Trainee: 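A single structure is presented below for examination.
Predicted model only: the values in this text are computed from it and were never measured. Each chain gets a letter, A, B and so on, in the order its sequence line appears, and its residues count up from 1.
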Amino acid sequence: MKKLRLKKKTSLTTREYSVDYKTSLNEEQYKAVMHNKGAALVLAGAGSGKTRTLVYRVSRLIEDGIDPRSILLLTFTRKASAEMLSRITSLLDTRAGKITTGTFHSFALKMLKQYYKQIGFSQEFSIIDQQDAADTIDLIRGRHLPPSIKKRFPKKNTLQKILSLSTNKRESTLATLEEYYPKYVEYEDQINTIFIDYHKYKKVANVMDYDDLLLYLLELLKENPDARKQITSMYKHIMVDEYQDTNRIQHEIILLLGGVDNNIMAVGDDAQSIYSFRGADHQNIFFFPESFEKCEIYKIEQNYRSTEQILDLSNEVINKAAFKYEKKLFSRDRIGDKPYLVAANRERQQSEFVVQQILELREQGIELENIAVLFRSSYHAFDLEIDLNKSNIPYVKFGGMKFIETAHIKDLISYMRLLFNPKDVVAWQRVLMLVDGVGPATTRKIIDNISDNRLNISNYKDVLPTLNKNVGITNLFKLVAKNFDPTDITYAASELAFYYKEYMDEKYDNVNKRWRDIETFLQITDQYNDLPTFLNDMALDPPINSLDELEPESKEDEYLTISTIHSAKGLEWKVVFLIWATEGKFPSAKSTHTIDSVEEERRLFYVAVTRAKDNLYIVYPFGIFDRESGMVLSEPSRFIADISDEFLEKFILTEDEEDEEIDD
DNA sequence: AGCAGTGATGTTTTT
DNA sequence: CATCACTGCT
């Protein structure tokens, strides 16, 4: 028989919660979770249960009768939003599935697919990635510039970066040039002309790049009161994760999404701001409270993740920063080993050491799931990957070149984009260049005719012969004009792949490897039955691996995570290896010119070390000849170089025939 | 004129 | 490894 007891009603609600918020959270977290109306900023240190706080707050709002559909949770990565959604669902129930989560970009896309008319697009607009954007800019660059000044003029990737930075920071081209590319200031006019043309070009082609998603959403909210009213009355409770990494344009969007009540909760940590290359400013987070008349500030500082030894080291790293951060992490009675600093003779020894340690850890019963190897740049892991393969250690790599970004997959996706949006001249450009005998000049001629509607997939039989006699082009048009069933994506994709294979056989030596990628790609298409959704997902939430990660059995299998630090953000592992902690590699020689960029690298280092729960190994190869600087790199990273033995156990690797232990 | 093949060069980090 | 400038070929 159940015993009745008296429980005090809280002032907020007349019902009891099914989740016991008070006892599952610490006091700081609890306060943030119970925050009700108006703007709020939650400053949460690394490992302080930031995700937990957000998850509980969403759950609490729903339990208080808030319609889940009115909750918008913006996260930085798709992984983070998936993780949160599953945690909320398991904490509460399926009501959680009705909330809207995603990145700024995916949310923008969702809105713009509804309000496309208001911004002058048609609904079939497609998304182009950074590379497509750069290629398109290159096309326009080629049209504008006389060959004489081409040499000193910024290249396509630089132009794309300039435009992206100025868009994200909401600055003029001139301001961006002055700050980041002073040597190109003299070309301001030409650069602007190219940008203006690029903008028009995209509109005609009915495509948007990543920045456009944000830009047009901002424009919509600003200039269309009706749309804004509808959107703000739909999403009444907004939460933004990783606020320190948002930039100006995202900040402005958030302010406009605020609606009448400004029910916006931003969560972040200024010490973990690592996206300045995307226009984020680590101090941005402090502008947040200033944007509202009233904004509650909550601080969560107790760390639940790491041992005191790891926290002590982390605090040492961040306290040496030129700019002082407000928090200091502390834990409660989590005692462990001191972090290791290991000197390895060249990269070879580093890889061998990491593999050997991982095998040993596994024997000690630590599963691969609980181990991660982190690095500054994707290519830092190449050598290690060879050893992991040799030792049959299954792993998944995050960050760096994605499977979807390889040339052959992008080619295939371009054909598919044309099936959906035959005016997508960015895709046309890509696939036309693949036709034998077709180069930039012919491509330009054809897409000009597509742009001004003289040529299309219904009249190509008559019009094309007047432009070019190349049979390959006619065949390409024939293929795109075919009436594929838009719900049978796999069929369309395999037909296109079949057509494409001929080109691949000609062009590539490693056709087999690439064809396997295409087969994997075909498996992915199998999970979709609607072309637009498929294309959007490929643009914004692409799958990471070319390995058969999709097969359910391999998902069950345990695997090691190796990841760039950027992609490891927000995650944690029992044991973390940080490799290439060599001065000149981390921070890289390129980042040491300005204080700001060194400080960004320091925060990145801080993010890396705070991922570890129990054990942390920092490894640095020495005796590395650096081509770029012409110097031999032999010192550990400046971020740990002068940290005393009190915080760090220092080792050098020696090679013993039998003894496998580390020796100092 | 326009294309393709060749050899040197450079390279973070993500939506 | 992918991009860029250069050169020779059609």
Trainee: May I ask you to decide if A/Arg278's main-chain N or O and A/Asn247's side chain share a donor-acceptor pair within less than 3.5 Å?
Mentor: yes
Trainee: Show me the protein contacts with nucleotides 4-8 of chain B, counting only N or O atoms at under 3.5 Å.
Mentor:
from	atom 1	to	atom 2	distance (Å)
B/dA4	OP1	A/Gly437	N	2.3
B/dA4	OP2	A/Val438	O	3.4

Trainee: Grab the N/O contacts between the protein and nucleotides 7-10 of chain C below 3.5 Å, and write none if there aren't any.
Mentor:
none

Trainee: For A/Gln131 and C/dA2, is the shortest distance between a side-chain N/O and OP1 or OP2 below 4.0 Å?
Mentor: no
Trainee: Base, sugar-phosphate or nothing for A/Gln250? Non-hydrogen atoms, less than 4.0 Å.
Mentor: nothing
Trainee: Under 4.0 Å between a Lys/Arg side-chain N and an Asp/Glu carboxylate O for A/Arg602 and A/Glu599?
Mentor: yes
Trainee: Identify the two heavy atoms, one from A/Ala581 and one from A/Tyr620, that lie closest to each other, and give their separation to 0.1 Å.
Mentor: O-CB, 3.2 Å
Trainee: Check the orientation of A/His380 and A/Trp580. Use parallel for under 30°, tilted for 30 to 60°, and perpendicular for over 60°.
Mentor: tilted
Trainee: What does the list of N/O pairs under 3.5 Å between the protein and nucleotides 13-15 of chain B look like, with a distance for each?
Mentor:
from	atom 1	to	atom 2	distance (Å)
B/dT13	OP1	A/Ser378	N	2.4
B/dT13	O2	A/Arg376	NH2	2.5
B/dT14	OP1	A/Thr564	OG1	3.2
B/dT14	OP1	A/Ser567	OG	2.8
B/dT14	O2	A/Arg278	NH1	3.4
B/dT14	O4	A/Gln130	OE1	3.2
B/dT14	O4	A/Gln130	NE2	3.4
B/dT15	OP2	A/Lys402	NZ	3.3
B/dT15	O4'	A/Arg278	NH1	3.2
B/dT15	O3'	A/Thr103	OG1	3.4
B/dT15	O4	A/Gln130	OE1	2.6

Trainee: Measure the distance from CG on A/Asn470 to P on B/dG2 and round it to the nearest whole Å.
Mentor: 15 Å
Trainee: Using the benzene-type ring in the case of Trp, are the ring centres of A/Tyr216 and A/Phe125 under 6.0 Å apart?
Mentor: no
Trainee: Over 60° means perpendicular and under 30° means parallel, so classify the ring planes of A/Phe477 and A/Trp428, tilted if in between.
Mentor: parallel
Trainee: Write down the distance between CG (A/Asp596) and P (B/dT12), rounded to a whole number of angstrom.
Mentor: 19 Å
Trainee: Could you walk me through whether A/Phe153 and A/Ile191 satisfy the side chain to side chain contact (heavy atoms under 4.5 Å, CB included) test, starting with their C-alpha distance in whole Å, then the side-chain angles of each, then the deciding distance to 0.1 Å, before giving a yes or no?
Mentor: CA-CA 9 Å; A/Phe153 198 82; A/Ile191 293 174; 3.7 Å; yes
